[in-house]
Amino acid sequence: MLAAFILPAIALTAATSRAATYESGVLTNNQPNATTWRTVNFVSPFSTAPVVVLGTKTYNDAEAVTTRVRNVTTTSFQYQLHEWDYLDGVHGSESVHYLALEPGTHTLGGVTWRAGRTTSVTNTEQTAAFGITFGAAPVVLAQVESVVNAKALITRVRNVTTTGFGLKLQAQEADTSTLSGESVGWIAIATGTGTLDGAAFKVAKTGASVTHAWSTLSFGATYRQPLFFAQALTQNGGDPFT
């Protein structure tokens, strides 16, 4: 598996004197049942509904869980911790990082960022085009942002090139039924380092070495209050995971 990560050093928000371009932060909540949704209000409104991706979760409750986003507007979004359907839907408190970015192409901290949406995504792989050409294959973070299918879903990404990537959805392992199309928001970021509002960040990839076993990933530097986002960029194992 090829994992990817981005490390903003602190929560990032755009200046409040104009519409926001980006915002990030930390969310900490439990999931009391399978139907509860939490609303997150942006610090500053966006001029158009941003793309929202959620980062990796803490591991306080060992039951398998993914995250779901819905109702993204210029001022807020909703999210939940979504356990696989064979579980009871009740999940202990976890912290998860979020990143909201205005759709389009941006140069932030000297690095190219591209945010977009792909609609009608199912469990049949399709190609999502960036609409621009990166100098090298970027890191891609993808998030299901609709609830057409009530079941827990994850995004799978592979074959990332300078112009696009392969994208599909997966449900729990026992469920191979055809999925109805969902909207998936994604953020592609050129690898490298930079600074946003005085906060250092890093965008990088591992080799195909990440498995189900715990291992330590070194940042190669020290970051203050880092936010962490990761996405598998290969599909060497067919089983669903997040």
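Residue indices begin at 1 and follow the sequence shown. Everything numeric here is computed off the predicted structure, so don't read it as measured data.
No continuous path of ILVMFWY side-chain contacts below 4.5 Å connects V65 to W37, so the two sit in separate hydrophobic clusters. In this structure, V51 is a member of the same hydrophobic cluster as V111, with clusters built from ILVMFWY side-chain heavy atoms closer than 4.5 Å. Residues V140 and I132 share a single hydrophobic cluster, defined by chaining ILVMFWY side chains whose heavy atoms lie under 4.5 Å apart. No continuous path of hydrophobic side-chain contacts links V184 to V147 [ILVMFWY only; heavy atoms under 4.5 Å].
Scored by the salt bridge (Lys or Arg N to Asp or Glu O under 4.0 Å) test, R156 finds no partners at all (sequence neighbours excluded).
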| field | Working for side chain to side chain contact (heavy atoms under 4.5 Å, CB included), residues V96 and Y79 | value | CA-CA 10 Å; V96 61; Y79 87 102; 4.0 Å; yes

| said: Could you walk me through whether T178 and T122 satisfy the side chain to side chain contact (heavy atoms under 4.5 Å, CB included) test, starting with their C-alpha distance in whole Å, then the side-chain angles of each, then the deciding distance to 0.1 Å, before giving a yes or no? | reply: CA-CA 8 Å; T178 300; T122 69; 5.8 Å; no

| request: Give the C-alpha distance, both sets of side-chain angles, the deciding distance and a yes or no for side chain to side chain contact (heavy atoms under 4.5 Å, CB included) between E145 and R117. | output: CA-CA 9 Å; E145 62 174 16; R117 290 185 169 90; 2.6 Å; yes

| query | Should S93 and T28 be marked as a side chain to side chain contact (heavy atoms under 4.5 Å, CB included) after you check the CA-CA gap, both sets of side-chain angles, and the distance that decides it? | reply | CA-CA 7 Å; S93 183; T28 302; 3.5 Å; yes

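Rounded to the nearest 0.5 angstrom, E94 CD and T56 OG1 are separated by 10.5 Å. Note: I154 CD1 to T242 OG1 = 6.0 Å, rounded to the nearest 0.5 Å. Here CG of L233 is found 8.0 Å from OG1 of T206. Values are rounded to the nearest 0.5 Å. The CZ atom of R38 lies 6.5 Å from the CD atom of Q31; values are rounded to the nearest 0.5 Å. Distance check: N159 CG to L167 CG gives 11.5 Å after rounding to the nearest 0.5 Å. Rounded to the nearest 0.5 Å, atoms CD (Q225) and NE2 (H97) are 9.5 Å apart.
Evaluated for a side chain to side chain contact (heavy atoms under 4.5 Å, CB included) with V203, the options T193, I189, L141 yield exactly one hit, I189. For the ring pair (Phe, Tyr, Trp, His ring centres under 6.0 Å) with W113, the qualifying choice from W186, F201, Y22, F134 is F201, the only one to do so.
The aromatic rings of F42 and F77 lie tilted to each other, with the angle between the two planes from 30° to 60°.
No side-chain heavy atom of W84 sits under 4.5 Å from any side-chain heavy atom of E63. Looking only at side-chain heavy atoms (C-beta outward), K151 and S177 come within less than 4.5 Å of each other. Contact annotation: the side chain of Q143 never approaches that of V52 to less than 4.5 Å [non-hydrogen atoms, C-beta and beyond]. By the 4.5 Å heavy-atom criterion applied to side chains, L179 and K168 are not counted as neighbours. A 4.5 Å side-chain heavy-atom check between P50 and V72 finds at least one atom pair inside the cut-off. Side-chain contact between L227 and V26: present, with at least one pair of heavy atoms (C-beta onward) separated by less than 4.5 Å. Under the 4.5 Å side-chain criterion, counting only non-hydrogen atoms from C-beta, F228 is in contact with F219.
Nearest heavy atoms, H91 versus L81: CD2-CD1, 4.0 Å. Closest heavy-atom contact between D61 and G92: OD2-N, 2.8 Å. For the pair A152 and T66, the tightest heavy-atom approach, listed with the atom from each and the gap, is CB-CG2, 4.3 Å. Closest heavy-atom contact between L169 and V144: CD2-CG2, 3.7 Å. Minimum heavy-atom separation, T191 to A204: CG2-CA, 4.4 Å. The two residues F165 and V157 come nearest to each other via the heavy atoms CD1-CG1, 3.8 Å.
Side-chain atoms of Q80 and R68 form no donor-acceptor pair, as typed in the model, at a separation below 3.5 Å.
The closest donor-acceptor contact from the side chain of T73 to the backbone of S76 lies under 3.5 Å. A donor-acceptor pair under 3.5 Å links the side-chain atoms of R114 to the main chain of F130, judged by distance alone. Put simply, the side chain of Q172 gets close to the backbone of D85: a donor and an acceptor are under 3.5 Å apart. Panel note: side chain S146, backbone S183; a donor-acceptor pair is recorded below 3.5 Å. With hydrogens and angles disregarded, a donor-acceptor distance shorter than 3.5 Å links the side chain of Q231 to the backbone of A142.
Evaluation of the salt bridge (Lys or Arg N to Asp or Glu O under 4.0 Å) test over residues 231-242, restricted to residues two or more places apart or in two chains, returns none.
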